[in-house]
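Before any comments, here is the structure.
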Amino acid sequence: MPGNKYNGNSSIPTSRLERLLRERELRKSSRASHSNEATDNNLGVSHVEQYLDGALAAQTLDEGWERPDRIPSRQRLLVVANRLPVSAVRRGEESWSLEISAGGLVSALLGVKEFEARWIGWAGVNVPDEAGQRALTKALAEKRCIPVFLDEDIVHQYYNGYCNNILWPLFHYLGLPQEDRLATTRSFQSQFAAYKKANQMFADVVNQHYEEGDVVWCHDYHLMFLPKCLKDYNSKMKVGWFLHTPFPSSEIHRTLPSRSELLRAVLAADLVGFHTYDYARHFVSACTRILGLEGTPEGVEDQGRLTRVAAFPIGIDSDRFIRALEVPQVQEHIRELKERFAGRKVMLGVDRLDMIKGIPQKILAFEKFLEENSSWRDKVVLLQIAVPTRTDVPEYQKLTSQVHEIVGRINGRFGTLTAVPIHHLEVKLLVLQDVDMVVVLILCLSLEDRSLDFHALCALYAVTDVALVTSLRDGMNLVSYEFVACQDSKKGVLILSEFAGAAQSLGAGAILVNPWNITEVAASIGQALNMSAEEREKRHWHNFVHVTTHTAQEWAETFVSELNDTVVEAQLRIRQVPPSLPVNDATEHYLQSNNRLLILGFNATLTEPVDTPGRRGGDQIREMDLKLHPELKETLTALCSDPKTTIVVLSGSGRSVLDDNFGQYNMWLAAENGMFLRFTKGDWMTTMPEHLNMEWVDSVKHVFEYFTERTPRSHFEPRETSLVWNYKYADLEFGKLQARDMLQHLWTGPISNASVDVVQGSRSVEVRAVGVTKGAAIDRILGEIVHSKFISTPIDYVLCIGHFLGKDEDVYTFFEPELPSDTLGAGSRTKVTDTIKHPGERRPPLKLPASRNGSSSKSSQGRTRRPHPNSEKKTNSHVYGNGRRPSPEKVTWNVLDLKGENYFSCTVGRTRTNARYLLGSSDEVVAFLKELASVSSTPS
């Protein structure tokens with residue numbers, strides 16, 4: 001497969017970290033081998049255009065470059081973003097002109113040799129006619145771009161509506177629209193439908209151009225549904241998704257009506273990336289609290305499938321800025337600026353004119369600084385470059401007016417005839433997407449026409465003494481990186497908002513502030529202006545090292561490298577997951593057998609699903625009331641009517657629950673993990689060992705009641721042979737803390753000297769007597785069934801299906817025909833956990849005497865407890881209710897005569913299991929049992 005770096009290499013490290021470290025060294029070696037390549041001095045648009053034209057890729061291919069380990073390294077990367085890195089303008093019916101947009105993604109991929117990028121996205125223009133679409137597609141192909149054609153209505157509903165009016169404000173903690181709640185509610189569904197439709201249109205284009213081995217990298221909140229669409233098309237596709245904005249806390253995200261659908265769609269990706277650990281943590285928390293999934297240090301796990309979640313802080317092309325300072329044009333700009341602001345300290349702000357950028361807060365803090373430090377009034381100037389955005393939106397128009405008003409007021413208070421403290425420059429920028437994630441490129445060439453080009457911007461950074469970034473909420477904010485890259489000479493000070501993603505990367509050298517605290521920001525301005533040269537140099541060095549090592553190219557290479565490795569890791573995990581139940585084989589062998597035993601679990605196996613989409617934990621009341629799946633009633637009736645089939649429902653639930661759900665069928669019911677047994681036409685009997693110690697129950701019950709009272713939505717299930725505390729519906733984190741406290745208290749107190757087992761489920765704690773498991777109860781259950789003459793010939797087919805706890809999975813290995821007979825002791829059988837069983841050779845029938853004295857039986861040969869009841873020795877000492885009947889002592893025939901191909905153990909929804917096979921849900925169990933019922937013979 002193209003791009004798979006690990007095929008056919010026997011020396012590859014086995015651990016994930018070892019693989020990533022090796023990959024990192026290879027990348028360093030790759031960059032070193034290309035360090036002497038010629039560099040174009042034109043660092044503006046033409047450099048980006050050269051890249052998009054494919055010149056760099058062609059040069060690499062002509063050189064025939066290979067990685068040091070001689071593995072071909074060229075891998076296709078499909079970069080999918082809402083907008084292409086070019087803007088299209090129609091000149092005629094079949095004529096287009098393309099304008100290059102130098103953005104963060106382009107810059108990130110400029111120096112990357114590991115892969116060959118193709119861009120997929122919207123060209124920013126409506127093209128309704130086929131001729132125009134063909135011409136534009138052809139023109140874009142020369143720039144290595146592939147267009148997605150969106151009509152005006154889709155763009156309005158998807159981009160302007162759902163993306164910019166719903167997701168963007170929510171992700172920046174501005175909340176959902178409040179001005180017209182009724183209108184918002186009405187339009188939400190149509191906007192969300194358009195959002196999903198647009199994402200599917202992107203997926204269709206990706207699918208048309210996808211080749212095996214390609215990596216698909218989806219970008220930003222515009223395309224949250226894209227990973228799911230792609231995986232639905234091809235589950236083996238390598239898909240990564242990266243968010244360039246903040247991801248809000250789960251309490252904010254849960255207000256979104258489509259919260260669950262979006263989270264599950266993103267989780268379809270193999271790797272999910274964020275700028276900071278905080279954003280990644282918020283995403284995992286949302287998945288656990290809203291979806292009820294398991295959060296791990298590596299990501300989010302759902303039914304054994306792991307979606308890796310990690311932080312990948314983006315950077316800039318720092319070399320581009322450093323080299324630009326040597327360009328004569330930049331040197332000339334620097335001289336002009338130094339002359340213009342001679343004798344004054346220069347403070348600089350470069351922001352989009354946006355509500356999240358904190359421009360009013362910044363200017364008000366500067367005003368407060370001037371009020372409190374009159375000596376600085378004619379010695380400092382603030383240059384605030386504001387980039388207009390969404391000028392048609394009333395809120396942004398109001399913000400613009402507010403900024404103009406504050407600037408005018410301050411200049412009126414503190415300005416003179418020759419100087420004003422604030423220069424507010426509104427400039428127009430041509431960018432790929434959000435300025436948070438792109439390298440700024442100014443179209444015009446001078447300050448006088450209120451616009452800046454790249455060289456002028458670099459000159460401004462170079463002469464700045466203090467850069468002021470006061471974002472109220474920012475995904476990353478690369479202006480701070482650009483400032484640091486241009487400060488090798490001046491060693492200026494960076495004042496950085498703690499709410500910008502860059503604060504986690506540049507916090508060591510910057511002065512971190514809360515932009516809402518005007519007093520704190522004003523004090524920080526004074527600290528920066530009065531800072532000693534020695535401290536400035538130390539702070540600058542910390543940040544400069546980070547900016548020059550954590551570049552945009554390194555960010556892109558790291559993400560794709562981890563995505564490749566995540567897929568490798570997933571393949572290793574899949575090998576440990578049992579295969580799906582082979583329904584046709586299981587049905588065929590069922591039909592050919594003469595005496596079948598079906599052991600079925602109940603909860604999450606035969607139960608009715610409770611459909612509560614979007615709500616973690618579902619409907620508690622309905623889910624706690626276990627009900628048989630309604631589609632199973634006729635199926636169970638048919639199976640129970642077959643004289644060749646014996647059905648046992650083996651459950652941890654109490655007797656009354658099984659009576660209510662299965663009392664009408666001709667089957668055996670085994671309640672409380674097999675401790676109570678009855679045929680539905682008879683009475684309950686106990687199979688408990690005679691000397692089972694239950695003195696611990698009262699003390700444990702008090703502990704469970706205490707924690708139930710102190711943990712909202714938890715509940716306590718008192719049973720006759722065990723106690724269960726369930727916190728499935730409680731707050732996830734609080735429930736885990738309470739469970740931990742409970743276990744510590746139990747082990748040091750009530751059960752410290754008791755003969756009990758503590759069984760921990762994913763959201764439950766169960767205390768039961770030692771040795772009480774479903775597997776341990778099976779031989780006693782079979783003994784009772786055989787003694788009652790329900791089985792008179794050897795069992796030659798066994799089907800065991802259930803969603804059992806790990807402690808109870810010994811029921812699967814109990815029947816396993818492939819296990820050697822000399823290793824089938826009760827102790828050894830429960831340890832078979834790391835291999836997947838497959839049908840094998842037939843093992844000789846067991847002929848072991850069953851020692852059934854009410855305790856764990858041990859044969860003189862050390863073999864497992866297998867039921868071989870004595871049909872000759874009858875006893876009439878049945879004691880019903882909670883009574884017990886002595887067990888037979890001698891075997892005259894073999895109960896089990898089982899071939900490997902006739903044994904089907906199957907877990908439901910658990911990928912870490914001792915079972916041979918897997919079914920995903922109770923619905924799949926229902927479908928399979930229906931298949932068996934359809935071929936089952938009718939009573940004679």
Side-chain angles (χ1 to χ4, degrees), residues 595-603 605-606 626 628 636 639-640 645-692 694 719-722 768-769 771-792 795 798-802 804 807-808 810-811 814-815 826 850-857 865-871 874-889 895-896:
N595 193 7
R596 312 147 184 154
L597 175 64
L598 274 57
I599 299 177
L600 307 176
F602 180 39
N603 194 4
T605 304
L606 305 179
L626 298 179
L628 179 67
L636 288 180
L639 290 173
C640 292
T645 303
T646 301
I647 297 180
V648 179
V649 174
L650 178 58
S651 173
S653 299
R655 292 183 279 180
S656 61
V657 174
L658 298 189
D659 283 338
D660 292 342
N661 285 280
F662 300 99
Q664 69 188 77
Y665 306 103
N666 294 324
M667 62 170 60
W668 287 84
L669 305 180
E672 300 202 19
N673 300 307
M675 294 299 99
F676 297 99
L677 180 70
R678 85 172 179 106
F679 186 67
T680 47
K681 292 183 179 179
D683 294 325
W684 286 100
M685 65 188 75
T686 181
T687 63
M688 286 190 294
E690 293 179 354
H691 305 293
L692 193 65
M694 301 293 290
R719 298 172 182 171
E720 295 180 65
T721 60
S722 65
R768 59 171 77 157
V772 175
T773 67
K774 291 180 172 65
I778 279 294
D779 69 324
R780 296 191 292 271
I781 293 172
L782 289 183
E784 300 292 355
I785 293 174
V786 173
H787 186 273
S788 301
K789 294 186 177 180
F790 278 88
I791 295 179
S792 57
I795 297 170
V798 173
L799 171 68
C800 185
I801 302 180
F804 300 135
K807 184 76 174 179
D808 293 319
D810 54 352
V811 69
F814 180 88
F815 290 100
S851 176
R852 306 250 323 205
N853 57 5
S855 60
S856 298
S857 59
R865 295 169 290 132
R866 292 281 181 143
H868 303 285
N870 182 0
S871 58
K874 303 273 194 318
T875 176
N876 295 321
S877 57
H878 288 78
V879 181
Y880 296 104
N882 286 331
R884 132 183 8 264
R885 176 175 51 75
S887 301
E889 299 176 355
V895 175
L896 290 177

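Note that these values count all heavy atoms, side chains included, but never hydrogens, waters or copies made by symmetry. A quick note: this is a predicted structure, and the numbers were derived from the prediction, not measured.
- The distance from atom CD1 of Ile785 to atom CG of Leu677, rounded to the nearest 0.5 Å, is 6.0 Å.
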_With side chain to side chain contact (heavy atoms under 4.5 Å, CB included) as the criterion, how do Asp659 and Trp684 come out once you've worked through the C-alpha distance, each side chain's angles and the decisive distance to 0.1 Å?_
CA-CA 10 Å; Asp659 283 338; Trp684 286 100; 3.1 Å; yes
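- Nearest heavy atoms, Gly654 versus Ala671: C-CB, 3.9 Å.
- Here Asp660 pairs with nothing under the salt bridge (Lys or Arg N to Asp or Glu O under 4.0 Å) rule; sequence neighbours left out.
- Counting heavy atoms from C-beta on, the side chains of Cys800 and Val811 come closer than 4.5 Å.
- Contacts of Thr605 classified as side-chain contact (heavy atoms from CB on, under 4.5 Å), with partners at least two apart in sequence or in another chain: Ile801, His803, Val908, Val925.
- In terms of heavy-atom proximity, Met675 sits nearest to Thr686 at O-OG1, 3.2 Å.
- Applying the salt bridge (charged side-chain N to carboxylate O under 4.0 Å, His left out) test to pairs two or more places apart or on separate chains, none has a residue in residues 663-675.
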*asked:* Under the criterion side chain to side chain contact (heavy atoms under 4.5 Å, CB included), I'd like the reasoning laid out for Ile599 against Ile778: C-alpha separation, chi angles, the key distance, then a yes or no.
replied: CA-CA 10 Å; Ile599 299 177; Ile778 279 294; 3.6 Å; yes
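- Across all their heavy atoms, Ile781 and Gly674 have their closest contact at CD1-CA, 3.9 Å.
- Every residue two or more places apart in sequence or in another chain that forms a side-chain contact (heavy atoms from CB on, under 4.5 Å) with Asn595 is listed here: Ile791, Thr793, Ile795, Asp796.
- Between Asn661 and Leu628 the shortest heavy-atom distance is OD1-N, 2.9 Å.
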*Under the side chain to side chain contact (heavy atoms under 4.5 Å, CB included) criterion, do Lys774 and Asn673 qualify, and how do the steps go?*
CA-CA 5 Å; Lys774 291 180 172 65; Asn673 300 307; 2.6 Å; yes
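- Ser653 meets the side-chain hydrogen bond (donor to acceptor under 3.5 Å, both in side chains) test with Ser651; sequence neighbours excluded.
- To the nearest 0.5 angstrom, Leu650 atom CG is 9.5 Å from Leu658 atom CG.
- In this structure, Met667 and Leu598 have side chains that are not in contact, with every pair of non-hydrogen atoms separated by 4.5 Å or more.
- Across all their heavy atoms, Gly775 and Asp810 have their closest contact at N-OD1, 2.9 Å.
- For Arg768, the salt bridge (Lys or Arg N to Asp or Glu O under 4.0 Å) partners two or more places apart in sequence, or in a different chain, are Glu766, Asp808.
- In this structure, CG on Leu669 lies 10.0 Å from CZ on Phe602, to the nearest 0.5 angstrom.
- Separation of atoms CG (Leu600) and CG (Leu639) is listed at 8.5 Å; rounding is to 0.5 Å.
- Taking 4.5 Å as the limit, some side-chain heavy atom of Phe815 sits within range of a side-chain heavy atom of Leu597.
- Under the 3.5 Å distance criterion, the side-chain polar atoms of Arg596 are left unmatched by any main-chain donor or acceptor of Leu799.
- Checked against ring-ring contact (aromatic ring centres under 6.0 Å, His included), Phe679 has the following partners two or more places apart in sequence or in another chain: Trp668, Phe790.
- Note that CD1 of Ile647 is 9.5 Å distant from CZ of Phe662, once rounded to the nearest 0.5 Å.
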